[in-house]
Novice: 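Can you keep this structure in mind? I'll have questions shortly.
Keep in mind that this is a model prediction, so the values were computed, not measured. Nothing fancy with the numbering, it's 1 onward along the sequence.
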Amino acid sequence: ADVAEALAGEAPVTFAEGEAVLGNFKGMGDWDEAVVVGVKPGGLYVLDYTDEGLIEEDVPASRIMRQGGAGAADVAEALAGEAPVTFAEGEAVLGNFKGMGDWDEAVVVGVKPGGLYVLDYTDEGLIEEDVPASRIMRQGGAGAADVAEAL
């Protein structure tokens, strides 16, 4: 479980050339789909944001996460049998608007029955109703804080 090890301080999270990821372009807070097209010394990467037609050089691992959240499969494995990830009203999160693959900063403005949420994408001026937890992640990676607590 590379994420669990990284959160415990045992190993840094690394990415491989050709890996599909989410990148925070220029650290602006907007997580977009990208492909790692280069691995550079010092833990830096080259990302190709294919949908935008942009290449970004010298991207630190802190601005990259695996699609579905940083190590989402490892998070799920580490939390097997635990309560599902939930979010609180007022919590700052990343939301995948309408499941389109673009993770934007949002605030949980409502908690609904059945594990659904209302998100306010403040930078875009959009409200999205009935968002399942599977399209929400904590800033810094889906459930990463929960993995750290579990360790």
Novice: Start with the C-alpha gap between Val93 and Met137, add the side-chain angles, then the distance that decides, and say whether side-chain contact (heavy atoms from CB on, under 4.5 Å) holds.
Specialist: CA-CA 6 Å; Val93 297; Met137 69 173 97; over 6 Å; no

Novice: Any side-chain to backbone donor/acceptor pair from Tyr45 onto Phe15? Under 3.5 Å, distance only.
Specialist: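 Checked: pair present.
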
Novice: Connecting only ILVMFWY residues whose side-chain heavy atoms lie within less than 4.5 Å of each other, what is the rest of Ile127's hydrophobic cluster?
Specialist: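 ILVMFWY cluster around Ile127 also holds Val107, Val109, Val118.
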
Novice: Donor-acceptor pair, distance only, cut-off 3.5 Å: does the side chain of Glu128 make one with the backbone of Lys98?
Specialist: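 Pair found, side chain donor or acceptor close to backbone of Lys98.
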
Novice: Taking all non-hydrogen atoms of both residues into account, name the closest pair between Asn96 and Met100 and its distance.
Specialist: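 What the structure gives for the nearest pair is OD1-N, 3.0 Å.
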
Novice: Roughly how far, to the nearest 0.5 Å, is the CG atom of Leu119 from the CD atom of Glu91?
Specialist: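 The CD atom of Glu91 sits 10.5 Å away from the CG atom of Leu119.
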
Novice: Of all the heavy-atom pairs spanning Phe97 and Leu126, show the shortest one and how long it is.
Specialist: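 For Phe97 versus Leu126, the nearest heavy atoms are CZ-CD1, 4.0 Å.
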
Novice: When clusters are formed by joining ILVMFWY residues with side-chain heavy atoms under 4.5 Å apart, either directly or through shared neighbours, do Ile136 and Leu116 land in the same one?
Specialist: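 No.
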
Novice: Between Leu22 and Glu33, is there a side-chain heavy-atom distance shorter than 4.5 Å?
Specialist: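 In short, these two side chains touch, coming nearer than 4.5 Å.
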
Novice: Taking all heavy atoms of Arg66 and all of Thr14, pick out the closest pair and write down the distance.
Specialist: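 Closest approach of Arg66 to Thr14, heavy atoms only: NH2-O, 2.6 Å.
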
Novice: For Ala34 versus Tyr49, what's the shortest heavy-atom pair and its separation?
Specialist: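 Scanning both residues completely, I find the closest heavy atoms to be CB-CD2, 3.8 Å.
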
